[in-house]
Number of protein chains: 2
Amino acid sequence: MHKKRPLILVTNDDGISAPGIRMLIAIMKEIGDVIVVAPDKPQSATGHAITINNTLYINKINIDDDVQQEYSCSGTPVDCVKLAVHEILKRKPDICVSGINHGSNSSINVIYSGTMSAAVEAGIEGIPAIGFSLLDYSWEADFKSASKYIRKITLEAIKNGLPKGVVLNVNIPKLKENEIKGIKVCRQANAQWIETFDKRTNPQGRDYYWLTGEFVNEDKGEDTDEAALENGYISIVPVQFDLTAHHAIKDINNWEI
Amino acid sequence: MHKKRPLILVTNDDGISAPGIRMLIAIMKEIGDVIVVAPDKPQSATGHAITINNTLYINKINIDDDVQQEYSCSGTPVDCVKLAVHEILKRKPDICVSGINHGSNSSINVIYSGTMSAAVEAGIEGIPAIGFSLLDYSWEADFKSASKYIRKITLEAIKNGLPKGVVLNVNIPKLKENEIKGIKVCRQANAQWIETFDKRTNPQGRDYYWLTGEFVNEDKGEDTDEAALENGYISIVPVQFDLTAHHAIKDINNWEI
């Protein structure tokens with residue numbers, strides 16, 4: 001029996017022309033039929049933002065003259081997934097992959113990440129979804145070294161599906177192919193950013209700020225994504241969008257309210 | 001012994017002049033010393049977006065000529081919390097309250113909500129935090145009817161603190177004060193939006209889209225926020241920002257990767 005090629009939706013938050021998504025498209029074309037719907041400009045750190053008070057534009061574009069269909073979109077990564085599923089795709093994709101992000105989305109970064117929010121949105125729509133991120137912010141980063149792992153993880157997700165309400169957050173250490181030690185399934189490290197604001201004065205004499213910060217991880221658990229990455233492994237964190245802190249319900253029920 | 005008045009940070013996503021935040025400020029002034037840091041314009045549905053590729057401005061403003069300090073900020077709700085904690089406040093606030101949002105943030109809405117993302121950000125910073133939302137989108141909504149409940153929940157949160165890594169998502173039904181039946185601690189209903197895009201053509205002949213959708217709740221659990229609200233109760237969902245789907249780690253570990 002001829003098995004149908006999977007339909008793969010590709011998106012990201014660095015914009016449709018970013019090297020990371022171009023590599024992800026190349027990997028996915030070996031696996032299935034690819035449709036790309038991605039932001040027309042960088043949308044890093046947009047989290048789960050959606051566009052409700054503004055218009056949305058889609059452009060069918062051709063970047064590398066190959067077989068995949070590509071659409072750039074004026075909205076956020078989450079908008080891209082919604083538009084893809086409800087306006088562009090003729091059927092539900094078999095999987096949605098987002099990335100490869102230029103920079104880490106491990107630990108608490110998952111919550112700020114447009115890349116991961118796109119994957120989460122696909123999960124909400126009932127589509128198996130994975131966000132891939134490389135721990136290298138450079139535009140010239142080596143996205144190729146992890147390609148065999150990205151292919152393997154994607155194929156397994158297509159084969160096995162994902163538990164209901166779960167998407168994957170995959171982070172890749174900045175290492176050469178033969179230096180990557182393997183894959184670890186992890187929990188999200190309890191780390192955070194300690195912000196500092198870089199205060200400056202504009203030419204009109206008005207103060208303004210740049211957000212900067214230092215990433216601090218005091219979670220020494222060996223089962224965390226940060227530990228896996230530090231030790232040369234690719235980390236996979238299964239991520240859920242039921243945010244209920246079930247363990248806290250009892251506590252709050254004891255309040256005098 | 002004289003007990004120090006609590007320091008309360010107030011923010012929202014509808015903008016600093018929205019009726020919802022003005023009511024929240026009024027309620028909080030009876031409880032403690034209030035500092036407001038809120039967006040200078042509506043920032044609904046911005047999720048956990050932060051401003052990393054653009055400048056941030058803060059303006060000290062005076063809206064109602066009362067004792068609280070107020071700052072409007074050019075950034076997102078999450079930016080407001082970061083700026084408040086790291087630039088504006090002299091000490092960590094005792095609590096951060098966000099809202100009162102014009103419209104529901106129950107169920108999956110928590111993930112798109114700027115109001116709740118501000119509360120989550122405060123939680124990440126180690127500050128007890130609560131997002132309040134009223135199930136009425138109108139600018140003329142009756143924010144007063146729930147004020148005694150908002151006061152009670154806030155006082156209990158200050159008194160008891162919140163479990164580590166947990167913030168509260170409080171939704172208030174659109175009812176008169178004497179119609180509200182009480183408060184229920186709930187889990188997030190497994191509901192979602194079914195999007196439809198309203199496609200139009202602009203005066204230049206180019207197609208564009210408006211995101212619209214229908215909220216569909218097929219989760220009939222009596223322990224959900226949606227059930228509580230439908231039955232006339234205020235819902236409290238404890239929300240966590242460790243997104244790890246711990247139950248799924250074993251499944252993924254069985255993959256051939």
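Each chain gets a letter, A, B and so on, in the order the sequences are listed, and its residues count up from 1. FYI, side chains are in, hydrogens and waters are out, and symmetry mates aren't considered; it's all heavy atoms of this structure. Keep in mind that this is a model prediction, so the values were computed, not measured.
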L162(A) versus chain B, the contacting section by heavy-atom distance below 4.5 Å: side chain
Interface moiety of D13(A) toward chain B, non-hydrogen atoms closer than 4.5 Å: neither
Max heavy-atom pair count under 4.5 Å with chain B, selected residue of R206(A), H246(A), E125(A): R206(A)
Structural part of N169(B) lying under 4.5 Å from a heavy atom of chain A: neither
Salt bridge flag under 4.0 Å for residues K159(B) and E256(A): yes
Side chain, backbone, both or neither of I183(B) within contact of chain A (heavy atoms, under 4.5 Å): side chain
Region of W255(B) that comes under 4.5 Å of a non-hydrogen atom in chain A: both
Any donor-acceptor pair under 3.5 Å from Q188(A) side chain to F241(B) backbone: yes
Side-chain heavy-atom pair N202(B), Y57(A) within 4.5 angstrom cut-off: yes
Non-hydrogen side-chain atoms of H247(B) and V166(A) separated by less than 4.5 Å: yes
Plane angle bin for Y112(B) and H48(A) - parallel if under 30°, tilted between 30 and 60°, otherwise perpendicular: perpendicular
NZ on K41(A) to CG on N53(B), rounded to 0.5 Å: 12.5 Å
Closest-packed option against chain B by number of heavy-atom pairs under 4.5 Å, given V237(A), I52(A), T196(A): I52(A)
Part of L168(B) within contact of chain A (heavy atom distance under 4.5 Å): side chain
Per-residue contact mode, E121(B) against chain A (heavy atom under 4.5 angstrom): side chain
